Amino acid sequence: MSIILVGGSPGTGKTKVAKILGSKLSVEVISLGEFADESGCITVEDKARKTGIINEDCLVDALLKLTEDKSKRIVIEGHYIDLVPSSSVQWVFILRTHPEKLRARLSERSYSNEKVTENVEAEVMGVCQMDALDAFGEAEVFEIDTTELSAPQTAEKIDMMLKNKSSPTRIDWMSQLEEQGRLDEFLTD
Ligand SMILES: Nc1ncnc2c1ncn2[C@@H]1O[C@H](COP(=O)(O)OP(=O)(O)O)[C@@H](O)[C@H]1O
Ligand SMILES: [Mg+2]
């Protein structure tokens with residue numbers, strides 16, 4: 001089993017990019033949200049936020065079964081990739097999008113202002129990046145700045161990286177925005 005993970009904050013293009021990558025590589029793509037739902041791991045409805053709550057233990061069990069069953073390469077995308085058993089993970093790609101662009105993109109979705117702000121802050125702070133680094137380690141986590149890339153271009157970039165392992169790059173919006181004196185635009189206190 002060799003899993004390629006595609007993670008990132010909501011709106012960074014995980015679902016779209018993973019689909020394109022999956023067809024490029026002719027491998028199955030699993031969306032973790034759907035997988036959690038199908039595995040009966042989304043329990044209580046959080047009505048205020050219009051989302052289900054994921055039972056993490058349940059999802060970890062379901063993922064262990066999945067990785068035991070499958071002998072081939074698959075792409076897994078979603079927001080809980082750090083729950084995938086790291087022994088089966090070969091590659092981790094974290095999609096990053098400049099907070100300004102991400103905010104514009106999320107505002108186009110039916111997200112509340114609160115949810116937009118929350119997700120933009122998480123991207124500024126690099127929450128998905130940190131979770132991935134904790135779970136899989138420095139050497140395994142590749143970040144991609146998708147700000148100026150289309151989804152097909154991002155998938156192409158991943159495909160190139162799979163063929164030609166480079167050293168992992170780190171993206172730090174927090175320092176960039178701080179240097180530009182723009183942090184206040186993106187963080188509430
Ligand atoms: N360069 C881009 N890469 C990925 N998605 C993009 C891009 N530009 C615009 N989008 C749009 O951003 C939205 C978020 O994409 P999606 O794949 O659903 O993200 P995620 O799964 O990370 O939440 C989609 O509507 C997609 O069409
Ligand atoms: Mg998605």
Side-chain angles (χ1 to χ4, degrees), residues 3-25 27-39 41-42 45-46 49-56 59 62-63 66 74-84 89 91-136 140-162 169-173 176 186:
I3 300 174
I4 299 167
L5 295 178
V6 180
S9 303
T12 52
K14 300 181 292 294
T15 305
K16 207 167 178 180
V17 168
K19 278 200 181 122
I20 300 168
L21 182 66
S23 39
K24 244 184 204 306
L25 302 174
V27 302
E28 184 185 354
V29 179
I30 291 176
S31 288
L32 263 190
E34 283 167 25
F35 178 76
D37 195 11
E38 286 159 12
S39 310
C41 299
I42 299 192
E45 179 105 359
D46 183 345
R49 305 175 81 215
K50 291 188 187 149
T51 48
I53 294 170
I54 294 217
N55 178 335
E56 292 196 359
L59 183 55
L63 283 166
L66 174 83
I74 55 168
V75 173
I76 298 182
E77 67 91 9
H79 201 244
Y80 301 93
I81 52 158
D82 46 303
L83 298 179
V84 178
V89 173
W91 292 88
V92 185
F93 296 98
I94 303 295
L95 308 187
R96 307 296 307 271
T97 305
H98 190 281
E100 189 159 33
K101 184 146 188 184
L102 188 66
R103 178 154 65 197
R105 207 183 273 168
L106 291 175
S107 302
E108 281 170 17
R109 288 182 171 187
S110 56
Y111 277 20
S112 64
N113 286 341
E114 191 190 358
K115 204 167 167 188
V116 171
T117 306
E118 194 179 294
N119 283 305
V120 169
E121 282 190 1
E123 178 63 13
V124 171
M125 295 187 287
V127 173
C128 290
Q129 169 214 63
M130 288 186 289
D131 287 348
L133 288 171
D134 276 352
F136 306 110
E140 308 302 323
V141 178
F142 294 79
E143 293 178 71
I144 300 176
D145 183 357
T146 70
T147 308
E148 305 297 334
L149 301 178
S150 66
Q153 284 172 330
T154 304
E156 177 62 27
K157 185 157 185 176
I158 293 177
D159 192 27
M160 299 288 287
M161 292 166 89
L162 292 172
T169 44
R170 295 287 159 249
I171 292 166
D172 183 354
W173 301 131
Q176 277 190 35
F186 300 96

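Both counts, for ligands and for their atoms, begin at 1 and track the order of listing. All of these numbers come straight from a predicted model, not from anything done at the bench.
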Please list, in number order, the atoms of ligand 1 under 4.0 Å from a heavy atom of [X].
X: L149; answer: 1 (N), 2 (C)
X: K16; answer: 17 (O), 26 (C), 27 (O)
X: S9; answer: 22 (O)
X: R109; answer: 14 (C), 15 (O), 16 (P), 18 (O), 19 (O), 20 (P), 23 (O)
X: A151; answer: 1 (N), 2 (C), 3 (N), 4 (C)
X: P10; answer: 23 (O)
X: S150; answer: 1 (N)

At the 4.0 Å heavy-atom cut-off, does G11 count as touching ligand 1?
yes
Ligand 1 contacted by T154 (non-hydrogen, < 4.0 Å)
no
Run the salt bridge (Lys or Arg N to Asp or Glu O under 4.0 Å) check on K24 and E156 step by step: do they pass?
CA-CA 9 Å; K24 244 184 204 306; E156 177 62 27; 2.6 Å; yes
Can you find an N/O atom of [X] closer than 3.5 Å to an N/O atom of ligand 1?
X: V17; value: no
X: K14; value: yes
X: R105; value: yes

Can you list everything that forms a ring-ring contact (aromatic ring centres under 6.0 Å, His included) with H98? Sequence neighbours excluded, please.
W173
Checking the side chain of R96 only, and the main-chain atoms of E123 only, is there a donor and an acceptor separated by less than 3.5 Å?
yes
Polar side chain donor-acceptor pair, E77 to S31, under 3.5 angstrom:
yes
Quick one: do the T97 and T12 side chains pair a donor with an acceptor below 3.5 Å?
no
What protein N/O/S atoms are found closer than 2.8 Å to the Mg ion (ligand 2)?
T15 OG1
